[in-house]
Amino acid sequence: MKRVNSALEQIDRYRWRLPREYRQDMRVPGIIYASREMLPHITEENVLGQVANVACLPGIIRASMAMPDVHWGYGFPIGGVAATDLEGGVVSPGGVGFDINCGVRLLRTRLDSTALDGKLEKLVRALWDCIPSGLGTTGIIRLGKRDMEGVLTGGACWAVEQGYGRYDDLLYTEENGQVAGADPDAVGLHARERGSLQLGTLGSGNHFVEIGVVDEIYEPEAARVMGIEKTGQVLVWIHTGSRGLGHQVADDYIKVMLEAMPRYGISVPDRQLACAPVSSKEGNSYLGAMRSAANYAWANRQIITHHARQAFASVINACENSIGLDLVYDVSHNIAKIESHSLEGKARSLCVHRKGATRAFPPGHAQLPELYSAIGQPVLVPGDMGRYSYILTGTQTAMEETFGSTCHGAGRMKSRKEAKRIIDGREFVKELAGRGIVVQAGSLSGIAEEASLAYKDITSVIDVVTGAGLSKPVARTRPVGVIKG
DNA sequence: ATGTTC
């Protein structure tokens, strides 16, 4: 294994370059956003090798990038950003991830944490009862063919039309919860079958619904614009994606692309980077299917939002209006988007792969809701369930350097297997309870995999993206109640 | 992440 210090060139305190000499077929360098303390972890995990492999993709522009929460993933690292040219460049399912449009949604209540006194356990239980979770879990919704078309093309908009939530929610969802260019016909029968019973369910792994309390406010004006008024205010985080449907779409198209690559004369250093030209039949079909899965995920978070509101209403004795639960924002961190970016002073359309990386558009960007035009896009970065979650905003620096992208979470430090070996789920739940954090989870081994010890400290990740100027902290919350698969 | 190796 190459030594990190000989492989990486330090650019400044938070930026490291992996030069093209690292691997002979790299088309661009790698850029890693990290503190010096994070580097040993990045080499141990062989993230550098993955960053270098991504840098070999046809049509990759500027650099293969890694955010400070980077860790090993399927083909591409999780925490990776790669933009490709629409002409001659490729799109790769591995650059999006299996959980297409995994993302985070944040709701604000008008409640102070004292409103939860004596009710927290009951509230967590109500959320647990309203929101099915766990591996392979099905919900109460049965999607027939017609409804499935509605979900795949309409996303959260379909869900609101069906009575799940409020039209206002759509205003504060990326793409209004309904990305254009979805092609339901590109979603296979098997993917549809897997998705037909899972809408409105949380899933497992790191997916959760969390009740958080505002703990610090760093930018009062931006916070106020987001409806975050003071410490002690109760917020609700929702983290989930496209469940089995998105997984199956990824699976299906990896196979399609493996088969198509030789026909386009494409070779990649790792089969897991299977890809096809963005403009090819296969590339187009994948993007159409991926957008359909993305819409499914937005519908999923929308329905879970509706059920979370019902859970709050059933426990908190207040009218809907005084509970609030308005949407602050909903943003994806596993998706490929065709976006316009400035390259050497010229606007270019690029296919931006964000895999475990959050869009972080700056103030004034045309794709932001009017409300956020002055402050920039809300960036939602949950930490592990024992520490903090951060609300930030996008910046011009991110737009210029990382195609408008930043980190997405704390970043896994220990593999799921290793975490299960060294962490006792029951002990961790007890420890959290001692700190006033109520957790309801389907499995204790699942809890062990998601324990704080398995992750980096989110604050160290936030320090890097802040220091590098990729985003700006607005506020943070501490968890008080969590449901997990 | 995932009906955790169709």
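Below, chains carry the letters A, B, ... as their sequence lines are ordered, and counting in each starts from 1.
If you check every strand for non-hydrogen atoms under 4.0 Å, A/Gly244 touches sugar and phosphate atoms only. A/Glu193 comes within 4.0 angstrom of no nucleic acid atom, judged by non-hydrogen atoms across all strands.
Scored by the salt bridge (charged side-chain N to carboxylate O under 4.0 Å, His left out) test, A/Glu193 finds no partners at all (sequence neighbours excluded). Residues satisfying the side chain to side chain contact (heavy atoms under 4.5 Å, CB included) test with A/Val160, not counting sequence neighbours, are A/Tyr167, A/Leu170, A/Gln302.
Rounded to whole Å, the distance from CG on A/Asp251 to P on B/dT5 is 11 Å. Nucleotide B/dT2 holds its P atom 13 Å from the CG atom of A/Asn101, rounded to whole Å. Rounded to whole angstrom, the span from the CG atom of A/Asn334 across to the P atom of B/dT2 amounts to 11 Å. A straight line from OH of A/Tyr74 to C1' of B/dT5 spans 13 Å, rounded to a whole angstrom. Distance, A/Tyr296 OH to B/dT2 P: 11 Å, rounded to whole Å. Nucleotide B/dT5 holds its C1' atom 13 Å from the CZ atom of A/Phe98, rounded to whole Å. Atoms CD (A/Gln248) and P (B/dC6) sit 11 Å apart, rounded to a whole Å. Atom NE2 of A/His190 and atom C1' of B/dT2 are 11 Å apart (whole Å).
The phosphate of B/dT2 (OP1 or OP2) has a side-chain N or O of A/Ser204 nearer than 4.0 angstrom. OP1 or OP2 of B/dT2 lies within a sub-4.0 Å distance of a side-chain N or O belonging to A/Arg243.
Between A/Asn101 and A/Arg291, the side chains place no donor N or O within less than 3.5 Å of an acceptor N or O (distance only, hydrogens not considered).
The side-chain tip of A/Arg243 does not point at the ring of A/Tyr296 from less than 6.0 angstrom away and within 45° of straight on.
Listed here is the closest heavy atom pair of A/Ser64 and A/Val28: N-CG2, 3.8 Å.
Mapping A/Cys102 and A/Glu449 onto DNA chain B by nearest heavy atom places A/Cys102 closer to the 5' end of the strand. Heavy-atom distances to DNA chain B give each of A/Glu450 and A/Leu135 a nearest nucleotide, and the one nearer the 5′ end belongs to A/Glu450.
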